[in-house]
Amino acid sequence: MKILQIINSLNAGGAEKLVVDTSIKFVEKGLDVDVLLLNGSQTSLFEKLSKHNSINIISLGDRKNTYKFTNVFRIKSILNRYDFVHVHLFPSLYWTGLAKLLSRSKTPIILTEHNTTNRRRKSPLFKILDRIIYKQFRKLITISDSVDESLRSHLGNHSTEIVKINNGIDLKVMHDAVPYSKEELGYTSSEKLIIQVASFYPQKDQETLIRSMKLLSNDYKLLLVGQGPLEDKLIQLTKDLGLEERVNFMGVRSDVPRLLKSVDVVVLSSHFEGLSLSSIEGLASGKPFVCTDAPGLTEVAKDAGVLFAAGDINKLGDIILKLLEDADYYDTVVTSCLERAELYHIDLMVDSYIDLYNEVGEIVNNK
């Protein structure tokens, strides 16, 4: 079975990481996989994937290429080389949908919907366009209950079948990761470390987490892993609050599992998620996972991690204090998080994808 995965780029992000990890797993399970990138810029995820010689990476250009309409014709020219095409994110889904429409290729295309919302859904024009484009896909995969409900509501009475397959991570990578000592990270053993791994976009709301640090004593330190357009603004915020010595902007890291296992508390303060791989990594880290009671997070972490209302600085500060002052509570939360993480193993997800490919293949072959 020959599969093409299409995504905008391999910049740091949950969907991008999922494409890399699933591609590697597909190959391990005997599938032939190519990955097509609208933007083939060299990144840590690109480097990770390129180490697997059996996976062919097709780059259509640099970051300026992502929104070029000519991508439609380049994708159209190669659709028939594959048994299935699996697409992720906008605008890749539009270019591939249009390529399918124009080519009338018999190759089935499948889309994974990664988020509960996006700016297109606020536009009447794009709402119409979405319904046309999404009809080109044989199946629409949603990654969580909240994404599933949101997409069904957006598309209404739509002809394409929607199937929910939860995201997953390679739990063995997390289990095998060796933590750093706090001294290796530049801290003392008595300092308490909090981490958030997320891109710097409004959705992720690092501001709430930064502001909560004012409620904690000076021996509490915050590590922020990621990059994005709000980074400079958030750096300025730490200076305005007098926190520049307590908040460490670490950039994009390839050693996230080790970092997660090196800190005391893992936080994700997003306003919404699809089904965040960072949340699953947080649950699997062996540390207590704290997140917002928000779409895409509640269903993953409720009754396992500790939830707080989005933007509630005081509650977040109280939770962190209780965790680090009550050892029994800390251990109870850790145990619950580890048990919940077992439900989100990447092998379960990949096997479900392959079952779906086989199901679609049988339907196509019988027509």
Note to self: Please tell me whether Val252 and Val256 are part of a single hydrophobic cluster in this structure, the criterion being side-chain heavy atoms less than 4.5 Å apart.
What the structure shows: no

Margin query: Between Ser153 and Glu149 (side chain of the first, backbone of the second, donor and acceptor by atom type, cut-off under 3.5 Å), is there such a pair?
Written below: no

Checklist line | Main-chain N/O of Asp328 paired to Asp326 side chain as donor or acceptor, under 3.5 Å | finding: yes

Notebook entry, point to check: Do Thr43 side-chain atoms and Leu10 backbone N/O form a donor-acceptor pair below 3.5 Å?
Noted result: yes

Check: Given side chains that start at C-beta, do those of Ile55 and Ile24 come closer than 4.5 Å, heavy atoms only?
Finding: yes

Notebook entry, point to check: Any donor and acceptor pair, going by atom type alone, linking the side chain of Asn71 with main-chain N or O of Lys68 inside 3.5 Å?
Noted result: yes

Note to self: Do Thr238 and Phe249 make a side-chain contact, defined as non-hydrogen atoms from C-beta onward lying under 4.5 Å apart?
What the structure shows: yes

Item checked: Hydrophobic cluster membership, Leu36 vs Leu89, 4.5 Å side-chain cutoff -> no

Margin query: Between Lys48 and Asp21, does the salt bridge (Lys or Arg N to Asp or Glu O under 4.0 Å) criterion hold? Intermediate values first, please.
Written below: CA-CA 9 Å; Lys48 178 180 178 180; Asp21 291 345; 2.9 Å; yes

Checklist line | Donor + acceptor pair across side chains of Gln203, Ser270 (<3.5 Å) | finding: no

Check: Yes or no on side-chain contact (heavy atoms from CB on, under 4.5 Å) for Val300 and Ser276, after CA distance, side-chain angles and deciding distance?
Finding: CA-CA 9 Å; Val300 177; Ser276 166; over 6 Å; no

Check: Is there side-chain contact between Lys127 and Arg121, with heavy atoms separated by less than 4.5 Å?
Finding: no

Next item on the list: Describe, in one word, how the ring planes of Phe90 and Phe126 are oriented to each other, choosing from parallel (under 30°), tilted (30 to 60°) and perpendicular (over 60°).
Entry: perpendicular

Note to self: Just to verify, which of Arg246, Lys192, Lys182 counts as forming a salt bridge (Lys or Arg N to Asp or Glu O under 4.0 Å) with Asp219?
What the structure shows: Lys192

Notebook entry, point to check: Transitively linked via ILVMFWY side-chain contacts under 4.5 Å: Ile110 with Met349?
Noted result: yes

Next item on the list: May I ask whether Leu140 and Tyr353 are part of the same hydrophobic cluster, defined by side-chain heavy atoms of I, L, V, M, F, W, Y residues being less than 4.5 angstrom apart, directly or through others?
Entry: no

Notebook entry, point to check: Does a side chain donor of either Ser269 or Asp205 reach within less than 3.5 Å of an acceptor in the other side chain?
Noted result: no

Next item on the list: Would you please say whether a donor-acceptor pair under 3.5 Å links the side chains of Asp232 and Gln236?
Entry: no

Next item on the list: Tell me, with the steps shown, if Val267 and Val265 meet side-chain contact (heavy atoms from CB on, under 4.5 Å).
Entry: CA-CA 7 Å; Val267 177; Val265 179; 4.0 Å; yes

Margin query: Checking Lys221 against Glu245 for the salt bridge (Lys or Arg N to Asp or Glu O under 4.0 Å) test, could you report, in this order, the C-alpha distance in whole Å, the side-chain angles of both residues, the deciding distance, and whether it holds?
Written below: CA-CA 8 Å; Lys221 311 294 184 180; Glu245 300 300 321; over 6 Å; no

Note to self: Any side-chain to backbone donor/acceptor pair from His52 onto Ser54? Under 3.5 Å, distance only.
What the structure shows: no

Notebook entry, point to check: So, does Ser150 use its side chain to make a donor-acceptor pair with the main chain of Val147 at under 3.5 Å?
Noted result: no

Notebook entry, point to check: Do Gln206 and Leu230 have side chains that get closer than 4.5 Å, going by heavy atoms?
Noted result: no

Note to self: Keeping Lys261 on the side-chain end and His175 on the backbone end, is there a donor-acceptor pair under 3.5 Å?
What the structure shows: yes

Item checked: Transitive ILVMFWY side-chain link Leu237 to Leu209, under 4.5 Å -> yes

Notebook entry, point to check: Just by modelled atom types, is the Tyr201 backbone N or O under 3.5 Å from a matching donor or acceptor in the Ser199 side chain?
Noted result: no

Note to self: With heavy-atom distances below 4.5 Å as the criterion, would you say the side chains of Arg138 and Thr160 are in contact?
What the structure shows: no

Note to self: Looking at every non-hydrogen atom in both residues, tell me the closest pair between Lys287 and Asp264 and how far apart they are.
What the structure shows: CB-O, 4.0 Å

Next item on the list: Assess whether salt bridge (Lys or Arg N to Asp or Glu O under 4.0 Å) is satisfied between Arg211 and Glu207, documenting all intermediate values.
Entry: CA-CA 6 Å; Arg211 290 187 180 279; Glu207 181 175 341; 2.9 Å; yes

Checklist line | Test item: Gln5 side-chain N/O and Val87 main-chain N/O as donor-acceptor pair under 3.5 Å | finding: no

Margin query: Taking the basic N atoms (NZ, or NE/NH1/NH2) and the acidic carboxylate oxygens, is any pair closer than 4.0 Å for Asp351 and Lys29?
Written below: yes

Next item on the list: Report yes or no: is the cationic atom of Lys315 (NZ for Lys, CZ for Arg) under 6.0 Å from the centre of the six-membered ring of Phe308, at an angle within 45° of the ring normal?
Entry: no

Margin query: Quiz question: by atom type and distance under 3.5 Å, do the side chains of Tyr180 and Asp255 form a donor-acceptor pair?
Written below: yes

Next item on the list: For this output row, return yes or no: ring centroids of Tyr357 and Phe26 closer than 6.0 angstrom.
Entry: yes

Next item on the list: Give a yes or no on whether the backbone of Thr66 and the side-chain of Trp95 come within a donor-acceptor separation of less than 3.5 Å.
Entry: yes

Check: Is there a side-chain contact between Gln196 and Val225 (heavy atoms, below 4.5 Å)?
Finding: no

Notebook entry, point to check: Considering only heavy atoms from C-beta outward, does the side chain of Ile3 approach that of Asp34 to under 4.5 Å?
Noted result: no

Check: Can the positive tip of Lys2 be found less than 6.0 Å from the middle of the six-membered ring of Tyr82, inside 45° of the ring normal?
Finding: yes

Margin query: Salt bridge check, Glu244 against Lys239: does any charged N sit closer than 4.0 Å to a carboxylate O?
Written below: no

Next item on the list: Decide whether a cation-pi geometry holds between Lys322 and Tyr329; the criteria are a distance under 6.0 Å from NZ or CZ to the six-membered ring centre and an angle within 45° of the ring axis.
Entry: yes

Next item on the list: Establish, from distance only, whether the side-chain atoms of Asp62 and Asn39 form a donor-acceptor pair under 3.5 Å.
Entry: no

Notebook entry, point to check: Looking only at side chains, do Glu299 and Ser146 share a donor and an acceptor under 3.5 Å apart?
Noted result: yes

Margin query: A side-chain contact here means heavy atoms from C-beta on lying under 4.5 Å apart; do Glu113 and Asn118 qualify?
Written below: yes

Check: Will you find, in the side chains of His271 and Thr292, an N or O donor that is under 3.5 Å from an N or O acceptor?
Finding: no

